[in-house]
Amino acid sequence: TVGERSTGPLAEAPTLPLIQELLKEAPDKQQRKPQVLERPMRYMLELYQRSADAHGHPRENRTIGATMVRLVRPLANVAKPLKGPRHIQTLDFPLRPNQVAYQLVRATVIYHHQLQLAGFQLSCHVEPWVQKSPTNCSPSLGRGSSKPSLLSEAWTEMDVTQHVQKRLRNHKRHRILRLCFMCQHQKGSAGQELLWHGTSSLDTTFLLLYFNDTHKSVQKAKLLPGGLEEFMERDSSLLLRRAR
Amino acid sequence: QAGSIASKIPGPSQEHDRPESNQCSLHHFQVSFHQLGWDHWIIAPNLYTPNYCKGACPRVLHYGLNSPNHAIIQNLVNELVNQSVPRPSCVPYKYVPISILMVEANGSILYKEYEDMIAQACTCR
């Protein structure tokens, strides 16, 4: 309800200069409207409903632990048909530079630990990519990866915070987090060729990045980790005054 | 000077004669992201209720308006010194945040809490 007069879409009113200015800030309207049925979107909708009410007010008892959460999908990957019981695929997740005054507090990869493909039941897990060969993932025998935890019947979560922070610190451009997505037949049936089209892993595996607003943290005089050096150097005099 | 001016200022009874609906208060205002043409990238919530503040501010700012003590000085300076000095006006005093779920241009999905997006109370300042 908008005052006494009814309004149609304000975006189509050319005589409202402020609305026109605001529309310039919005993403391109040609952008495809997101499909609610897609698994990543469903996951984020559930996260939203747990964290905010129907009016958009953050819930007092929310456990999200961050003021911003970004779901990052893997880049498109070409599938390779494999023989045998095991399928291994590398997934590359682009990492954008942190916005000023936002600190990464947690990073997890969410994936389906059980998949059905062409009638076969597959058991899957994710591991950080270890640079043994430039193109292939090799099972790392659990070295360098944290133990995954079961979120639900469908989703499993694995913490990759240290891996992401390392990529953000060591690479200023073209930051990519590479992970290995590995599945194998639960029955261990050898010799069966399984054509993996690759799209399943793009829809069933994604990265969650949790950020907090560091500006608010500074105002509360909390200790900040070393990753905020750039922010602190810029406003060090202001921080000193506030600390006093 | 203040004494001579005081006789011209409406007394408390005269100010209270002003209809209460005209006094500074919070007004409900709601808009949908569809109306703004943003529903292709903002997934939730569907409606945004920022509200707004509107109404007259009395010359003597009473306790319930949450005005800072200095606000009355603006009125005095406006009357005694320079009429171009702005008098206190009805503006938001307290805000609450809003959580937004949106799709970014690169396909990432973002949950973000924005501070100070909804007015919850008004003041004269």
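The structure displayed is predicted, hence computed values, not measured ones. The chains referred to below are lettered A, B, ... by the order of the sequence lines, with proteins before strands, and numbering in each begins at 1.
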Separation of SG atoms, B:Cys24 and B:Cys124, below 2.5 Å: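 Answer is no: B:Cys124 does not pair with B:Cys24 in a disulfide.
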SG(B:Cys53) to SG(B:Cys90) below 2.5 Å: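 With an SG-SG separation of 2.5 Å or more, B:Cys53 and B:Cys90 do not form a disulfide.
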Side-chain H-bond candidate by donor/acceptor type, B:Glu113 with A:Thr67, under 3.5 Å: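 No, A:Thr67 and B:Glu113 have no side-chain donor paired with an acceptor closer than 3.5 Å.
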Toward chain A, the part of B:Ile42 with a non-hydrogen atom under 4.5 Å: neither
Under 4.5 Å from any heavy atom of chain B - which part of A:Ile64: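 For A:Ile64, the contact with chain B is made by the side chain alone.
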Portion of A:Arg59 that has a non-hydrogen atom of chain B nearer than 4.5 angstrom: neither
Contacts table for residues 47-57 of chain A: side-chain donor-acceptor under 3.5 angstrom, sequence neighbours left out:
| unit_1 | atom_1 | unit_2 | atom_2 | d |
| --- | --- | --- | --- | --- |
| A:Tyr48 | OH | B:Ser99 | O | 2.8 |
| A:Ser51 | OG | A:Leu47 | O | 2.9 |
| A:Asp53 | OD1 | A:His55 | N | 2.9 |
| A:Asp53 | OD1 | A:Gly56 | N | 3.0 |
| A:Asp53 | OD1 | A:His57 | N | 2.9 |

